Amino acid sequence: MKRYIIGIDLGGTNIKAGIYDFDFIAVKEISTPTEAAKGPLHVLERIREAVRLITVEADISLDLVEGMGIGVPGLLDPVAGISFFSPNFPGWEQVHVVDVMKQFYDFPIFIDNDVRVNLYGEWQQGAGRGYNNLVLITLGTGLGSGIVNNGKVIYGTSYSAGEIGHMNMYRNGRPCKCGSSGCLGRYVSALGMVNTFKEKLKEGRTSMIQTWTNNQEEQITALMISEAYELGDALSMEVMQETGTILGFGLANVVNMLNPDLIIVGGGMAAAGDKLLQPVRETVSQHALKLSGSKCEIVQASLGSRAGTIGAASYAYSKLKEAE
């Protein structure tokens, strides 16, 4: 009898859910509103509703589900199943996700940080398949990251290892919400690139994007910068190059420290492709230790927006295998 596994990607706006067979072929994938403003218990109810929808629409009984993984943004303890804090979720503190959810299901439930869940997805089912030493970074509003070393995901003492986005790059750089300043993520995330672009406009530089937005700087997005790059906009090309170069210096440090086979770049910014990744690769090649740099490939993530659900299911599957 065929068995199944469920993956949940908990986002501030939407909950993505997928049900997969043990070959990770998707049976059903959906997205439904999170309604985060209504509080943590309501959000957990929304996860249950997502599970109900995918199982009903896939016509799969819960008796055939072996386990469920949930990717949760923010700080958590995956062993205790507790989410300590999650950004963009009002009132979300010390939420006992696993204890609450297991009241409704007979199968095991596992949680992990959303970026590490993406790492499991790309490592086991995507661009990192077959590698034992790799790093995933996700570039969106910020920079998230996860690390696989010698075939094991690194967690650290407080389950917060691998915060590459908070690597200090500038002694007196941009302030960061972490309380420090000059963090890598403040420069190479989508928000970071937009801020670099705005800084150059304030210096008197010009761009076709000003026409697109009627000089409303708050409307500028990373996607606009990428599109203007394609149209030959000099400022957009400069900012993309500069962003890729800064990221390259950060990843050169990562290469020197961790000696990975592979660095996977995911998140919304990864859609820029070689416009961003080429200066990253060039900088790593020039500034990482030669032996380590020559052994490391930098690639675009392959699972796209499905990485969270596939990754959560892969994570749950790996935990089930560990328990056997």
Side-chain angles (χ1 to χ4, degrees), residues 2-11 14-31 47 50-51 54-55 58 60 62 64-74 76-79 81 83 97-98 101-102 105 107-138 144-155 159 161-162 260-267 270 299-324:
K2 209 164 191 179
R3 312 298 288 179
Y4 300 92
I5 198 151
I6 293 172
I8 303 290
D9 180 10
L10 178 60
N14 292 303
I15 295 167
K16 296 177 183 176
I19 187 163
Y20 305 90
D21 65 20
F22 274 24
D23 292 320
F24 288 91
I25 304 299
V27 181
K28 184 69 181 179
E29 295 173 322
I30 65 164
S31 178
I47 292 175
V51 171
I54 55 172
T55 51
I60 293 173
L62 288 175
L64 299 178
V65 176
E66 291 289 310
M68 177 166 68
I70 307 173
V72 182
L76 51 75
D77 181 337
V79 176
S83 175
V97 178
V98 171
M101 298 298 286
K102 71 183 182 182
Y105 304 108
F107 49 75
I109 298 164
F110 308 94
I111 67 168
D112 206 344
N113 173 269
D114 59 336
V115 178
R116 276 196 297 263
V117 158
N118 275 259
L119 171 66
Y120 274 97
E122 289 290 347
W123 175 33
Q124 297 182 0
Q125 309 300 329
R129 197 165 187 170
Y131 290 86
N132 285 321
N133 293 282
L134 62 96
V135 174
L136 169 76
I137 65 167
T138 58
S145 50
I147 299 165
V148 175
N149 181 254
N150 291 332
K152 293 187 177 181
V153 176
I154 295 178
Y155 280 85
Y159 311 105
D261 302 291
L262 188 71
I263 296 175
I264 303 170
V265 181
V299 302
Q300 191 172 343
S302 63
L303 297 179
S305 62
R306 302 175 66 228
T309 53
I310 295 172
S314 296
Y315 169 63
Y317 181 81
S318 70
K319 299 302 288 184
L320 292 171
K321 287 297 182 183
E322 284 177 15
E324 287 182 353

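Both backbone and side-chain heavy atoms feed into the values below; hydrogens, waters and symmetry mates do not. No experiment lies behind these values; they were computed from the predicted model shown.
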Stepwise, does the side chain to side chain contact (heavy atoms under 4.5 Å, CB included) test hold for V65 with I19?
CA-CA 9 Å; V65 176; I19 187 163; 4.2 Å; yes

Quick one, I5 and L320 - any side-chain contact, counting heavy atoms below 4.5 Å?
yes

Rounded to the nearest 0.5 Å, what separates atom OG1 in T138 from atom CD1 in I264?
11.5 Å

Do any N or O atoms from the side chain of N113 and from the backbone of V115 form a donor-acceptor pair under 3.5 angstrom?
yes

Which of these passes side chain to side chain contact (heavy atoms under 4.5 Å, CB included) with Y159: I154, D77, D112?
D77

S83 meets the side chain to side chain donor-acceptor pair (under 3.5 Å) criterion, sequence neighbours left out, with W92

Report yes or no: does N133 contribute a side-chain atom to a donor-acceptor pair with the main-chain N or O of N150 at less than 3.5 Å?
yes

Could you tell me whether a side-chain N or O of N14 sits under 3.5 Å from a main-chain N or O of K16, the two making a donor and an acceptor?
no

Hits for ring-ring contact (aromatic ring centres under 6.0 Å, His included) against Y131, two or more places apart or cross-chain, chain-then-number order -> none

Could you pull out the closest heavy-atom pair between G128 and L134, with the gap in Å?
O-CD2, 3.7 Å

Please examine the side chains of Y315 and V153, heavy atoms only from C-beta on, and report whether any two atoms are closer than 4.5 Å.
no

Please give me the minimum heavy-atom distance between E66 and F22, naming the atom from each residue.
CG-CZ, 3.4 Å

For the residue pair I111 and V98, establish whether any side-chain heavy-atom pair is separated by less than 4.5 Å.
yes

Could you check whether any side-chain heavy atom of F24 comes within less than 4.5 Å of a side-chain heavy atom of Q124, counting everything from C-beta outward?
no

Once rounded to the nearest 0.5 Å, what's the spacing between atom CD1 of I70 and atom CD1 of I109?
6.0 Å

If you take all heavy atoms of I137 and S145, which pair is closest and at what distance?
CG2-CB, 4.0 Å

So, for A127 and V299, which heavy atoms are closest and what is the spacing to 0.1 Å?
CB-CG2, 4.3 Å

Are R116 and Y155 side-chain neighbours, meaning at least one heavy-atom pair lies under 4.5 Å?
yes

Is V51 close to M101 at the side-chain level, that is, under 4.5 Å between some pair of heavy atoms?
no

Once side-chain hydrogen bond (donor to acceptor under 3.5 Å, both in side chains) is applied, what residue pairs with a partner in residues 299-314 remain, sequence neighbours excluded?
Y20-T309, E29-R306, E122-S302

From I8 atom CD1 to D114 atom CG, the distance as rounded to the nearest 0.5 Å:
13.5 Å

